Structure formats: C-alpha cells, structure tokens
Amino acid sequence: MTDLALDIRAVSKRYAEHTAVDTLSLQVPRGTVYGLLGPNGAGKTTTIRMLLNIIAPDTGTITVLGLPSSERRATDRVGYLPEERGLYKKMKVRHVLRFLGELKGLTAKESDRRMEYWLERMTLKTAAKDWGNSAVDELSRGMQQKVQFIGTLLHDPDLVVLDEPFSGLDPINAQALKDTVVDLRARGKTVIFSTHLMENAERLCDSVCIIARGQKVLDGTVSAVKAEHGTRNVALSVAGGRDRVAPLLAKHGFVERVDDQNRFLELSLAREADPQALLRALVAEGVDVERFELVQPSLHQIFLEKVGATNVEPGMSGHG
Amino acid sequence: MVEFAKLRAVIKREYVERVRSKWFIIGTLFGPLLFIGMMVVPAMMTARNMRTVQTTDFRILDVTGTALGDRIATSLRERAENAPNRKAMGDSAPPVATTRVIKTTMAELAAAESLATQAVMAEETRGYLVLDSATLRTSAARYAGRNASSIAEMEQIEAALRTALLTERLAAAGVTGPRADSLTRTRANLATERITSRGRGGGSGIAGFIVGFAIAFLLYMMIVLYGQNIMRGVLDEKTTRVAEVVISSVSPDTLLAGKVIGVGAVGLTQQVVWMAFAGGASAYGLGAAAASGVNITLPQFTLFQGVTLALFFLLGFTFYAALFAAIGAMCSTQEETSQLLFPTTMPLIVTIMMVQPILTTPTSGLAQTMGLLPFSSPIIMPMLMSATQVPLWQVGAALLGLVVACIAMVWVSARIYRVGLLMTGKRPSMKELMRWIRYA
C-alpha cells in the first residue's frame, strides 16, 4: 500500500499526426481531490484513458493504487465517468447498473443490493415513482447522468476518475456531483477530475496539475500554486468605474496588468509596487473607493499566465 | 488474459437483452409461420394459376375425317371436370364454354381458318386447333389463339392430342372400348430412393433435396440476421458512447468474444425452438400422411451429421460475426454501415445463389469448391452432406479451412474493433485500417 493513488512517470503517447502526451509525470496522493487542468486538446483525456488501461502508453509507467495500470485488479478499483456519457438506451436502469457492477467484479446480487441505496440517494427512486424499472431512454438527460454517476460509484472505487464531469450538467446535478466528490474525499477516496473550467477546480481541488500540449506546465497543491504566484493582486472597485481610474493607474506605474471583471478590476501589481501606496494615491486623487482587497490570483489567471491564450489549439478536442 | 466472470456478464447481457426483446419473441414464434407461408403461398399461387387454365373454349378444325377432334374435346372436358385443384378449391361449377369441333375438308380449311381467326379476334373464342390430313401420320398439329403462350394450357392440349392420337391408332389396330381406355389412361409414378455407401435408407432424393435446401437457407438467415445484429450492437455502443465505460472495465477482446458467443447463443436458441416446431409438425404431418396411405421417409440424421452441422454453424457464424463486428467498429453512423454491408454480404449472397445449382448437381466441381471455401462452406457443406455422400476428407478439409479462416478473421477483427471502438468521425481509409491492424 503506497500513499500514492496514481503515479505517472514519463509517459508519452504519440499518434500519427501529433503527440498527445509528452513525457508527462504526475503524482496524486491518496485521499485528495486532484484537478487535471488544461485547454481542449491538451492531452487530458488521453492521460485518463491511459491510466484506465483503455489505451497503452508508448513509453513510461503508470501505477494505479500501487499496481501497474495494466492489471485488472487495479482498474477494478477505479470508477470512471467519461466525458462523452452514454448508456444502453433500451435497457432498464437496474439492468444497466447490474451489468456495470458485474463488469467491475461485483456479483449480480451485490450490484442489486447496492444500487437501491444510490437510486434513493439520487432521487431516482421515490415514494411517487421508481425509475429503476424504466428503460434508460425514458429518462430525462439529467436523470440519465445520475444513472451514470451511480454506475461509476457502484463498486465503491478507491479512485474515482471524472473526465469533464461538469460539462452539460444542470445546476442541480452539478451540486449533487460536487456533494458526492466532497463526500468521497471525506471517506478517504481519491478523486481525479479533468476540467477546463478553472472555477470548479479552484473550489474543489486540493491539488492541481496544469497541462498544455501534452506537457506539464505546473503542479502542486492549490494553496502552494497560488502562494508561488504571489499575493500581488488587488481587487478594486470604485465609483465611476474603470474610466475613472484608468489614467491614474497608468500614471503611477503601480500596475502591470488590469483585468476587468466587470464588477471589479483585478490589478496585478508591478514588482516593487506597494499596495498601501496605491491605496493612498487613489484616496489622494479623490477617488471614491468602494472595494480595495488584496487577493490571491485565481487559478484562471495563473492558467492564462502560464499557458497563454495563444497556447490553446483550436479544433483539437476529442483527444483532449 | 481471459476474464471469465466478466465474459459471462457480457454474454449474459447480450443474450438476455435480445431474448427478452419483443422482436425475438415475435420472430421465434411467427418465424415458422412465415417460413411455411413462403412455401405454401407459391404453391397456392400455382394452384390458382392451374385453376384458371382454360382449355375448353376453342375450336377444333378437324380434316382427318376421323373422331380425333371429338376425342380431344372429350378428353379436355374430362380433364377440366376432374382437375384435382378445382375440387380442392371448392369450385364445383362445370366449365361453361365448351370446345366446338368443326369437321371440314382440306379444300375448305383456309376459309375455316380465316373464319376462326376472326372469331378469336372478336373474342368469341380463345383459339383454334388445326388437325390436318397429315396429323394422324406425323402426330403434328397446329394451334393458334390468344392463349398460345400459356405453357400450362398448351401442355394440356398437347397431352389431349397425344392421348387422342394413341386411341385413334389403337382403334386402327382393332383395339377399342374399355381395353383402349385402360391402355391410354396409364399414369406413371416414379418413386426415388437415395443410395449411399452405407446402403439404402437415405430417404428419398426429393426429401434430401428439401432438407438440404432448408438447412442452407436456415444457416444463411441465421448468419445474415445475427451477424448484422452484432454489427448494430457494436455501432450502438459506439454512438451512445457506452463503449468507453465498458472497455475501462473489460478488455475489448473479452467484449468481442462475449458478443459473438452471446448473440450466437440467441441464434441457436431460435434454431432449437424452430427445430422443435419442425419436429412436431413433421411428426404430425408424417402421421397424417401415413394414415392416408402415403409413406414418406425423411433422411435419417446421424450423430455425426448433427455434430458437423453444429460445428459449421458455430464456425461460420463466428467468421461472419467477427467481420460484421469490425464493420460496426469502423463506422460511426448507420449510413456508413449500409454502404459497407453490400460488399460484406456479397460472398454470402453468391453462396445462396449457388445453392440451387449445387443441389441439382451435388457432385459437380462447383459444389465441391464452394463446399471447401471458408466463406461458403458453412452453408454449402452441411447441405451437401444431407443431399449426397461427401467423402470424409472433404468434410475435414472444409472444417479445417474454416477454423483457420476463423482464427485469422477474429484476429484481424479484434484489432480493428479495439481501435475503432473509440474512434469517431470519418471512416478509416484502407491505409489507416492497415495501421490499426498492425499497431493495435
């Protein structure tokens, strides 16, 4: 039993036209929520498929829960929710779930026993209606997604891999998913999810890894990543809006970059600038300050800074 | 690595979901009815056609100076009245129009003929038969009329002419009355029996033909229906994206094997049900036939034949099922599969087209070749074995060839399947396909 849920070492995967993953190494400690971040086409899905042994890496090793990822004993302990979700449309919900459970090594009986808890928890089985005996295609899209979550978690996996789990979710299901992730974490499970939505990662993840063009850009705990990128950001809101302060900020040379967040301005301060001096200068100029707050840079900004908007390859999704 | 518990789960899903579907239940229960319908309806159509055969409403221009014309008219009327299918159809009304015999001479024949032609054109009668002075000697006569192209009607007139000529010649030789009747109304009936190297008792030749044909057709239907069923299943897993979840838990090879076995078992289940129907029906039919004094011997099936039949079905099914699964994995839409379906089923279609020529000459080179080639042997060889005596070495060679072809097909298909299952978008080119096979 190692303390790593996932250990990827120098893994590469090449396709005919491009390199999807390039000597990528990353370690995910047990019992954490880990975010795999990157633009579309960065190699997230390829990495996930390799750790699930769906495709084999060209070079490098992948260790899942202390075992080589090619071992069924390892992948049977993993729950996987792919980005492109789907179920057997004509099958009854309970039959699909039983099949998915059996594929992970549960007996049919054990699958049947466990699914009842989940059907109730996901409100697919209520006093009014039991959807478990309906065919999948009679369910709404949101309900089908719930069924798919259950399928991912039915065998009580130690490692849960969610590929772009929030895409296409309505707010209620997104909340249910978030609650589930928090709950899994509390029970000592490891959750890895990929996303290109930084807000989700920022809220949920203990650690993140940003990849672009198949290569690791940075990784670490969210707090460490943020600390490394300084607390030299100021959230500023003034009466009169951006136009009122723009010439002023330019004049003093305090500020390196201004990111207009609509309800406030996020200022990246210049290296030597003192935020207190900036505040004094603003007050001295008679600006009506509504909000002045030292903030950590958002993952979103770190991401933009490190990857750069130009590094996003358009039209590369699919092998994401 | 074979994962038996998971293989079982896949087989179970493929089997149970299909057997539970209403199409399977309808197909299994009503398939035999459809099958019987396909055999009975053409027979009924033929009977209907026979009923409409009209050989009584025409004119006979008789210049022979004998009773030949009258004999033909009488003979045809008797035939029409005694036609078995007329009785079977519950049609008791006697034919309305009757044939008129016009006795004339050689000199007036031309005038009589033009008169008759006008009558036919005016639709007063259907045609006319000319019995000229040479007819008695040469047995040749002429017919002209609207129905001259009806083979059935012309055959009846010809038969009546033959009988009448015979009677006339017997009369000339001094044989008349009941004696002549007994001579002219001889009916021949040929019973056939097949002799194999094991001796007699192989059933009648016709029965062997029918059983052989039924086996070939059944195997063909099973392979086409259930092979395509697998293809649709694979395509469905691809388009619904469920494939990715499934192969994160089970290897594509196990999934493919489970599909082929599961769907094959569905086909076998259907066949067993149908055979039970057929067994029951034929037991009843034979009993009924025996009760009415008709004795039909069905070809006797040996254990060896049963086992080889099952082997040919399983191997043939596996061969084509693997092929169809690969096609399903290569495509992303139903339209793409239908484009590829035709070239894929071509060998099967050629095989089924050759069934009849092969059955009529089961010892020909064509029959032997198609019995040995892997793409056709699953259908042709069991059929040949029921229709004729096939040397043991040929059965062995066909099986061996099929096994080798099966292994090759499964190997190639598994590779295409493994890569194709996760591919979306454009169908791979031949070059890309080769790369899939090499690197999978």
Side-chain angles (χ1 to χ4, degrees), chain A residues 14-17 45-46 48-56 58 69-92 95-96 98-108 111 135-137 144 147-148 151-152 154-155 157 161 163 317-319, chain B residues 1-18 20-24 232-255 258-259 262 332 418-426 428-429 431-432 434-436 438-440:
Chain A
R14 250 166 272 284
Y15 290 107
E17 302 85 10
T45 296
T46 305
I48 287 173
R49 283 180 177 174
M50 284 191 291
L51 82 86
L52 283 154
N53 198 34
I54 293 175
I55 49 179
D58 295 335
S69 63
S70 56
E71 282 211 21
R72 201 43 90 193
R73 276 185 301 147
T75 46
D76 274 357
R77 301 304 310 137
V78 182
Y80 175 41
L81 182 71
E83 179 179 8
E84 305 264 19
R85 295 184 272 272
L87 296 163
Y88 294 100
K89 288 195 164 56
K90 299 285 171 209
M91 278 178 91
K92 286 182 183 173
H95 294 161
V96 174
R98 182 193 293 166
F99 178 61
L100 293 178
E102 284 183 291
L103 284 188
K104 285 295 186 186
L106 294 183
T107 61
S111 292
V136 168
D137 59 1
Q144 289 185 25
V147 175
Q148 192 126 31
T152 306
L154 193 62
H155 61 293
V161 180
D163 195 0
S317 57
H319 288 303
Chain B
M1 187 179 63
V2 188
E3 310 153 286
F4 284 107
K6 294 184 182 186
L7 180 65
R8 223 193 59 186
V10 175
I11 294 172
K12 196 175 74 181
R13 195 198 81 82
E14 298 290 340
Y15 183 82
V16 171
E17 287 301 315
R18 279 183 175 78
R20 248 193 221 139
S21 79
K22 59 175 179 286
W23 287 116
F24 178 81
R232 271 196 302 276
V234 172
L235 185 68
D236 196 46
E237 283 182 351
K238 260 191 86 165
T239 51
T240 60
R241 314 287 179 155
V242 77
E244 186 156 357
V245 178
V246 174
I247 60 168
S248 75
S249 315
V250 60
S251 76
D253 296 359
T254 309
L255 183 61
K259 272 187 187 304
S332 301
R418 224 178 290 171
V419 181
L421 215 48
L422 291 178
M423 288 288 165
T424 50
K426 182 169 88 49
S429 65
K431 207 177 109 196
E432 284 169 301
M434 293 314 290
R435 200 163 53 215
W436 289 10
R438 256 181 294 142
Y439 294 120

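Keep in mind that this is a model prediction, so the values were computed, not measured. Chain letters run A, B, ... following the sequence lines, proteins first and then strands; every chain starts at 1.
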Could you tell me which of A/Asp76, A/Thr75, A/Val78, A/Leu52 has the largest number of non-hydrogen atom pairs under 4.5 Å with chain B?
A/Asp76

Under-4.0 Å salt bridge between A/Arg98 and A/Glu102:
no

Interatomic spacing from CD1 in A/Ile54 to OG in B/Ser249 - rounded to 0.5 Å
8.0 Å

As an exercise, state the distance from CE of A/Met50 to OG1 of A/Thr45, rounded to the nearest 0.5 Å.
11.0 Å

Would you find a donor on one side and an acceptor on the other, under 3.5 Å apart, between the side chain of A/Gln148 and the backbone of A/Gly86?
yes

Tell me, for B/Glu244 versus chain A, whether the close heavy atoms (under 4.5 Å) come from the side chain, the backbone, both or neither.
both

d(A/Leu87 CG, A/Phe99 CZ) to nearest 0.5 Å is 11.5 Å

Need one label for B/Val16: side chain, backbone, both or neither, based on atoms under 4.5 Å from any heavy atom in chain A.
neither

Top contributor to chain A interface from B/Lys6, B/Arg241, B/Arg13, B/Arg20 [non-hydrogen pairs under 4.5 Å]:
B/Arg13

Top residue by heavy-atom pair count (under 4.5 Å) with chain A, among B/Leu421, B/Ile247, B/Thr240?
B/Thr240

Engaged part of A/Ala108 at the chain B interface, taking heavy atoms whose separation is under 4.5 Å:
side chain

Please look at A/Leu81 and chain B and tell me whether the side chain, the backbone, both or neither of the residue comes under 4.5 angstrom of a heavy atom of that chain.
neither

Nearest-0.5 Å distance, CD of residue B/Glu17 to NZ of residue A/Lys90
11.5 Å

